[in-house]
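Reading through the structure tokens given below for one structure.
Remember, predicted model here, so these are calculated numbers, not experimental data. Remember, it's 1-based here, ligands and their atoms both numbered in the order they're listed.
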Amino acid sequence: MRPGIVIAVDGPAAAGKGTLARRLAQHLGLAYLDTGLLYRAVGRRVLDQAGDPSDPAVAEAAARALHPNDLERQDLRGPAADDAASRVAVIPGVRAALLDFQRHFGATHGAVLDGRDIGTVVFPDAAVKLFVTASAEERARRRHAEMLARGMAPPLAEVAAEMRARDARDAGRDAAPLVPAPDAVLLDTTRLDPEAAFSAALGAIMAKV
Ligand code: CDP
């Protein structure tokens, strides 16, 4: 594997990007960045001050004040953080404030980054771009199982509805919408377990580099 290589892993909520990207990074000896955490941490900062995550001035100030330690917070997952993250993510000034950190992270020693716009906006020249999907039903089932494992017990229908709303906001926004890059390799994990998804992704990467 060439040093300094950037691998972009994009896709909708709970498609298996995080598990896959982390494993790829470990296997390839690259750093890993979950860029969703940046948006989650910005959303959390806004919620901390009882602000509105859809307010551009408040959200942009939170994005500019972001500190790497914010990514270590334990309250970045769950319905409130999901919702706040996708609301701040619509705001172009928030996205702009987070761009340098992501580019610097990837450009320093190479990395696997997962998110929504890594292959389209953050690293349009990434050596490999994967777009990871799964059916909406399967993604809701996975997110529901994750939440049960973390001690939450929301109804599956509620998880599915929240995910649909977030996917629609991510795909419908003007700034860096969720869309596969034209040169992305599509990986549908609906019927793949994590091991099979990893093998398929590694095969796609090896074919490209
Ligand atoms: O884990 P999950 O796939 O549910 O979400 P995530 O990757 O942690 O991202 C949370 C939210 O941040 C998404 O719904 C997007 O609105 C936003 N996001 C984004 O806009 N761009 C990225 N590169 C990563 C996340």
Side-chain angles (χ1 to χ4, degrees), residues 6-22 32-47 53-54 59-60 62-63 66 70-103 105-106 111-124 126 129-134 136 138-147 149-150 152 154 159-181 184 187 189 194 197:
V6 170
I7 298 178
V9 181
D10 290 305
K17 303 181 301 289
T19 310
L20 177 63
R22 192 174 288 109
Y32 165 61
L33 180 63
D34 172 356
T35 65
L37 286 182
L38 299 171
Y39 295 90
R40 290 171 178 277
V42 172
R44 262 292 159 209
R45 268 186 175 263
V46 175
L47 296 179
S54 297
E60 282 177 42
L66 202 67
D70 291 341
L71 306 185
E72 310 297 328
R73 288 179 65 149
Q74 297 302 305
D75 55 1
L76 298 181
R77 308 254 168 221
D82 289 353
D83 184 70
S86 78
R87 287 184 190 279
V88 300
V90 169
I91 301 165
V94 168
R95 308 199 68 85
L98 300 178
L99 209 47
D100 274 359
F101 178 82
Q102 297 174 78
R103 289 196 171 141
F105 187 96
V112 181
L113 294 93
D114 88 59
R116 302 290 185 284
D117 63 339
I118 308 305
T120 50
V121 174
V122 183
F123 284 104
K129 301 176 184 179
L130 302 176
F131 193 86
V132 184
T133 58
E138 174 61 14
R139 291 187 293 111
R141 195 193 62 71
R142 289 178 191 169
R143 181 51 46 92
H144 186 243
E146 258 172 54
M147 293 173 87
R150 290 190 2 253
M152 304 179 202
V159 175
E162 279 173 4
M163 188 174 280
R164 266 198 305 276
R166 192 150 62 92
D167 283 348
R169 199 180 294 131
D170 288 347
R173 68 190 178 207
D174 291 333
L178 169 67
V179 60
L187 182 62
T189 69

Quiz item: Arg87 side chain to Gly43 main-chain N or O, any donor-acceptor pair under 3.5 Å?
Solution: no
Exercise. Find all atoms of ligand 1 within a distance of less than 4.0 Å from any non-hydrogen atom belonging to Gly36, and give their numbers and elements.
Key: 6 (P), 7 (O), 8 (O), 9 (O), 24 (C), 25 (C)
Quiz item: Roughly how far apart are Asp114 CG and Asp10 CG, rounded to 0.5 Å?
Solution: 8.0 Å
Quiz item: Can you tell me the protein heavy atom closest to atom 8 (O) of ligand 1 and the distance?
Solution: Arg40 NE, 2.7 Å
Quiz prompt | Within-cut-off N or O pair, Asp82 and ligand 1, under 3.5 Å | solution = no
Quiz prompt | Nearest-0.5 Å distance, CZ of residue Arg139 to NE2 of residue His144 | solution = 16.0 Å
Self-check item: Identity and distance of the protein heavy atom lying nearest atom 10 (C) of ligand 1
Solution: Arg166 NH1, 3.6 Å
Self-check item: Closest approach of any protein heavy atom to atom 1 (O) of ligand 1, naming residue and atom
Solution: Arg143 NH2, 3.3 Å
Exercise. Determine whether the side chain, the backbone, both or neither of Arg173 has a heavy atom under 4.0 Å from any heavy atom of ligand 1.
Key: side chain
Quiz item: Hey, what do you get for CG (Leu38) to CG (Leu76), rounding to the nearest 0.5 Å?
Solution: 10.0 Å
Quiz prompt | Ala176 backbone acceptor or donor facing Arg173 side chain under 3.5 Å | solution = yes
Quiz item: What's the spacing between Phe131 CZ and Leu187 CG if we round to 0.5 Å?
Solution: 11.0 Å
Quiz item: Can you check whether Glu72's main-chain N or O pairs, donor with acceptor, with Gln74's side chain at less than 3.5 Å?
Solution: yes
Quiz item: Of all the atoms in ligand 1, which lie at a distance below 4.0 Å from a heavy atom belonging to Arg77?
Solution: 1 (O), 8 (O)
Practice problem: Would you mind checking which non-hydrogen protein atom is closest to atom 21 (N) of ligand 1, with the distance to 0.1 Å? | Solution: Arg95 NH2, 3.0 Å
Self-check item: Gly115: numbered ligand 1 atoms lying under 4.0 Å from its heavy atoms
Solution: 22 (C), 23 (N), 24 (C)
Quiz item: Out of Gln102, Arg116, Arg87, whose heavy atom is nearest to atom 22 (C) of ligand 1?
Solution: Arg116
Quiz item: Within the side chain of Arg95, is there an N or O that forms a donor-acceptor pair under 3.5 Å with the backbone of Ala89?
Solution: yes
Practice problem: Please write down residue, atom name and distance for the protein heavy atom closest to atom 24 (C) of ligand 1. | Solution: Thr35 OG1, 3.4 Å
Quiz item: Are any side-chain N or O atoms of Lys17 and backbone N or O atoms of Asp34, one a donor and one an acceptor, separated by less than 3.5 Å?
Solution: no
Quiz item: Nearest to atom 18 (N) of ligand 1, what protein heavy atom do you find, and at what distance?
Solution: Tyr39 CD1, 3.6 Å
Self-check item: Glu146 and ligand 1 - part of the residue with a heavy-atom distance under 4.0 Å
Solution: neither
Quiz item: Just by modelled atom types, is the Ala15 backbone N or O under 3.5 Å from a matching donor or acceptor in the Thr189 side chain?
Solution: yes
Practice problem: Specify the protein heavy atom at minimum distance from atom 3 (O) of ligand 1: its residue, its atom name, and the distance to 0.1 Å. | Solution: Lys17 NZ, 3.0 Å
Quiz item: If you measure from each non-hydrogen atom of Ala14 to ligand 1, which part falls under 4.0 Å: side chain, backbone, both or neither?
Solution: backbone
Quiz prompt | Arg103 side chain vs Val122 backbone, donor-acceptor pair below 3.5 Å | solution = yes
Quiz prompt | Nearest-neighbour protein heavy atom for atom 17 (C) of ligand 1, which is reported as residue plus atom name and distance | solution = Ala89 CB, 3.7 Å
Quiz item: When only distance counts, is Asp170 in polar contact with ligand 1, meaning an N/O pair under 3.5 Å?
Solution: yes
